[in-house]
Amino acid sequence: MIDASLVRKIRRRLLSWYDNHGRDLPWRRTDDPYAIWISEIMLQQTQVETVQPYYQRFLKRFPDVGTLARARLDTVLKQWEGLGYYGRARNMHKAAKVVVQDYEGQVPTTSEGLMALPGIGRYTAGAIASIAFGRCEPILDGNVIRILSRLFRYDQDPKSPEAQERLWDWATRLVPKGRPGAFNQAMMELGATVCHRQNPSCLLCPVATLCQARHHGEQHLLPKRVKRKARPCHTIAVGIVYKRGRILIDRRKPEGLLGGLWEFPGGKQEPGESLEETVKREVKEELGITVSVKRHLITIHHAYTHFEIELHAFLCQHMRGTPVCHASTAVKWVWPKDLERYAFPGANKKIFQALDLT
DNA sequence: AACACGGGGAC
DNA sequence: GTCCCAGTGTT
């Protein structure tokens, strides 16, 4: 399937192509392991174009691992706001503290050392070790899976354990001792700019003549795709609770969905319940206060990975009770102009931007 | 092995 | 609408 001369050809062609056609990306202009680490975390399940502005701002705000370790989680989450998968920010913050306390501020240089840090798995460890420290470690991401599946005409479900083992093995055999970081980035670059999911540009591909899927005209069929389950839709109602010009917000628990972010109090509609009743009940359960629901403000549709929501916002008046945290970890009355100081989920931001609350 | 975890881009 | 994106952690 893969002999020494084939390996040499793939390495040589890919590296040469990358040297000539690789994009000029911000994280390719640095050799700072911390900066490369940030980029790799942000790039998990997130496209290059989306990451770039976040990467620049984050590094400006937290220029080194010590600064990040000393920062408050709230500040870190605010910088991450809108990027999604907020567990990445929480883990990154946690890992920065570990690096400062246990490693004298030096990012571990081995794949094993890196993988011991929260938020760094096999892919990210290989990426940082090879790119920042020149270690001969393989990587396997969505791009590499696509390229290897096509190059070797592999038609099994790439998520299966057997497939993972085989794909990691191929990646390990291919990565060269000489320029492991450049080679790994070349694979991802090829996947992102040439070997597309649909309509791969085989005429531009440096390894097209070596590609077995291409040889059989099956490049568009690989890697094998598996059907996804349908996403359920939930109906949510939240209260914009005003009191003397200020609005009530609370902070979600530190783990799980949107952990650590701020939001307007509210929750899921239950069977047989009106939306107004939902708001009243949820606000009471969440913060122990009684509100009067004044009027419907806006409806927002928002899709998450495993479900969708129809989010209704209601203007409410505070009637009685002092807000106390039950389901949340903090609660605050804030002036509308100060809302932007807190990190909110996208669906909540849509509410106060559409209403021009700030 | 299966699922939770965001938001946006491409078609 | 669907699929995917420089994946990781939990159960």
Side-chain angles (χ1 to χ4, degrees), chain A residues 22-23 25-28 36-55 77 80-92 94-95 114-132 138-147 157-164 167-168 171 181 183-193 195-199 220 223-233 252-261 263 300-309 343-350:
Chain A
R23 288 170 293 181
L25 300 172
W27 43 89
R28 293 187 178 154
I36 291 166
W37 175 17
I38 301 287
S39 75
E40 288 301 338
I41 301 298
M42 288 187 169
L43 285 160
Q44 288 168 6
Q45 296 291 287
T46 311
Q47 297 181 159
V48 164
E49 292 305 320
T50 305
V51 165
Q52 295 206 44
Y54 282 91
Y55 172 82
L77 285 172
W80 210 271
E81 183 186 40
L83 198 52
Y85 283 150
Y86 299 93
R88 293 183 294 177
R90 301 193 297 268
N91 281 333
M92 182 91 216
K94 207 182 294 179
L114 287 159
M115 250 199 295
L117 295 172
I120 298 185
R122 193 169 174 187
Y123 161 79
T124 306
I128 299 173
S130 63
I131 298 169
I139 58 162
L140 189 68
D141 74 329
N143 292 303
V144 178
I145 288 172
R146 193 162 57 253
I147 290 168
D157 170 14
K159 300 290 182 206
S160 73
E162 313 84 71
Q164 284 287 306
L167 291 161
W168 273 106
F183 179 83
N184 285 338
Q185 291 186 86
M187 292 278 276
M188 296 190 283
E189 188 77 355
L190 190 72
T193 64
C195 197
H196 303 117
R197 179 167 57 96
Q198 291 162 322
N199 301 319
H220 61 293
K224 179 178 180 179
R225 300 206 253 287
V226 286
K227 285 233 172 167
R228 294 193 183 183
K229 284 193 288 188
R231 289 182 296 206
C233 186
R252 297 174 64 91
K253 284 178 298 200
E255 321 84 20
L257 183 70
L258 306 168
L261 272 63
E263 65 180 7
I300 303 282
H301 293 270
H302 195 79
Y304 294 91
T305 310
H306 296 290
F307 60 92
E308 297 173 21
I309 61 169
F344 283 88
N348 275 251
K349 283 206 91 161
K350 284 184 193 169

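Atom CE of A:Met42 and atom P of B:dG6 are 15 Å apart (whole Å). Atom CD of A:Glu308 and atom P of C:dC3 are 13 Å apart (whole Å). Atom-to-atom, CD1 of A:Ile41 to P of C:dG7 comes out at 11 Å; the value is rounded to the nearest Å. Between the CG atom of A:Leu140 and the P atom of C:dC5 there is a distance of 11 Å, rounded to whole Å. Straight-line distance from the NE2 atom of A:His196 to the P atom of C:dC5: 12 Å, rounded to whole Å. Going from atom CG of A:Leu114 over to atom C1' of C:dT8 covers 15 Å, rounded to whole Å. Taking atom CG of residue A:Leu83 and atom P of nucleotide C:dA6, one finds them 14 Å apart after rounding to whole Å. For A:Gln164 and C:dT8, the CD to C1' distance is 13 Å, given to the nearest whole Å.
Comparing A:Thr124 and A:Thr46 by the nucleotide of DNA chain C whose heavy atom lies nearest to each, the residue mapping closer to the 5' end is A:Thr46. Place A:Thr50 and A:Gly84 on DNA chain B by their nearest nucleotides, and A:Gly84 ends up nearer the 5' end. Position along DNA chain C of the nearest nucleotide to A:Arg146 versus A:Gln44 favours A:Arg146 as the more 5'-ward residue. Both A:Ser160 and A:Glu49 lie close to DNA chain B; mapped to their nearest nucleotides by heavy-atom distance, the more 5′-ward contact belongs to A:Ser160.
Nearest to the side-chain atoms of A:Tyr304 among the listed nucleotides B:dC3, C:dA6, B:dG7 stands B:dG7. Closest to the A:Met188 side chain, of the nucleotides C:dA6, B:dG9, B:dC11, is C:dA6. When the nucleotides B:dG9, B:dG6, C:dA6 are ranked by their closest atom to the side chain of A:Arg88, B:dG6 comes out on top. The side chain of A:Pro345 lies closest to B:dG7, out of B:dG7, B:dA1, C:dG7. Side-chain proximity of A:Gln47 to B:dC5, B:dG9, C:dA6: nearest is B:dG9. Looking at the side chain of A:His306, the nearest of the listed nucleotides C:dG7, B:dA4, B:dC11 is B:dA4. Taking every side-chain heavy atom of A:Arg231 into account, C:dT2 is the closest of B:dG9, C:dT2, C:dA6. With B:dG8, C:dC3, B:dG6 as the candidates, the nucleotide lying closest to the side chain of A:Tyr86 is B:dG6.
Nearest heavy-atom pair across A:Lys224 and A:Pro158 is O-CD, 3.5 Å. The minimum heavy-atom distance linking A:Ile41 with A:Met92 is given by the pair CG1-SD, 3.6 Å. Between A:Leu140 and A:Val144 the shortest heavy-atom distance is CD1-CG1, 3.7 Å.
Atom CD of A:Gln164 sits about 5.5 Å away from atom CD1 of A:Ile145, to the nearest 0.5 Å. If you take CD1 on A:Ile147 and CG on A:Leu167, they are separated by 11.5 Å, rounding to the nearest 0.5 Å. A distance of 12.0 Å separates CD in A:Gln45 from OG1 in A:Thr50, rounded to the nearest 0.5 Å.
The side-chain heavy atoms of A:Met42 and A:Tyr85, taken from C-beta on, include no pair separated by under 4.5 Å. Taking 4.5 Å as the limit, some side-chain heavy atom of A:Arg23 sits within range of a side-chain heavy atom of A:Thr193.
A donor-acceptor contact under 3.5 angstrom links the side-chain atoms of A:Tyr85 to the base of B:dG6.
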Pull out every protein N or O sitting under 3.5 Å from an N or O of nucleotides 9-11 of chain C, one pair per line with the distance.
unit_1: C:dG9; atom_1: OP1; unit_2: A:Gly119; atom_2: N; d: 2.4

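Within the nucleic acid shown, A:His302 comes within 4.0 Å of sugar-phosphate atoms alone, with no base atom in reach, counting heavy atoms only. Here A:Trp27 lies in heavy-atom contact (under 4.0 Å) with a base. At a threshold of 4.0 angstrom between heavy atoms, the contacts of A:Val48 include nucleobase atoms, whether or not backbone atoms are also involved. Using a 4.0 Å heavy-atom cutoff across all strands shown, A:Arg225 reaches sugar-phosphate atoms only and no base atom.
Of all the residues in residues 253-261 of chain A, not one reaches under 4.0 Å from DNA chain C with any non-hydrogen atom.
Using P as the reference atom, C:dG9 and B:dG8 are 24 Å apart when rounded to the nearest Å. Separating the P atom of B:dC3 from that of C:dC3 is a span of 16 Å, rounded to the nearest Å. Here, C:dT10 and B:dG7 have their C1' atoms 22 Å apart, quoted to the whole Å. On the P atoms, B:dC5 is 23 Å away from C:dA6, given to the nearest whole Å.
At the phosphate of B:dC3, OP1 or OP2 sits under 4.0 Å from a side-chain N or O atom of A:Lys229. Contact between the side-chain N/O atoms of A:Gln45 and the OP1/OP2 oxygens of C:dC5 is not found at any separation under 4.0 Å.
Checked by atom type and distance alone, the side chain of A:Lys350 pairs as donor or acceptor with a backbone atom of A:His301 at under 3.5 Å. Side-chain atoms of A:Tyr54 come within 3.5 Å of backbone N or O of A:Glu81 as a donor-acceptor pair.
Judged purely by distance below 3.5 Å, without hydrogens or angles, the side chains of A:Arg28 and A:Gln185 pair a donor atom with an acceptor atom.
Between A:Tyr304 and A:His302, the ring centre distance stays below 6.0 Å.
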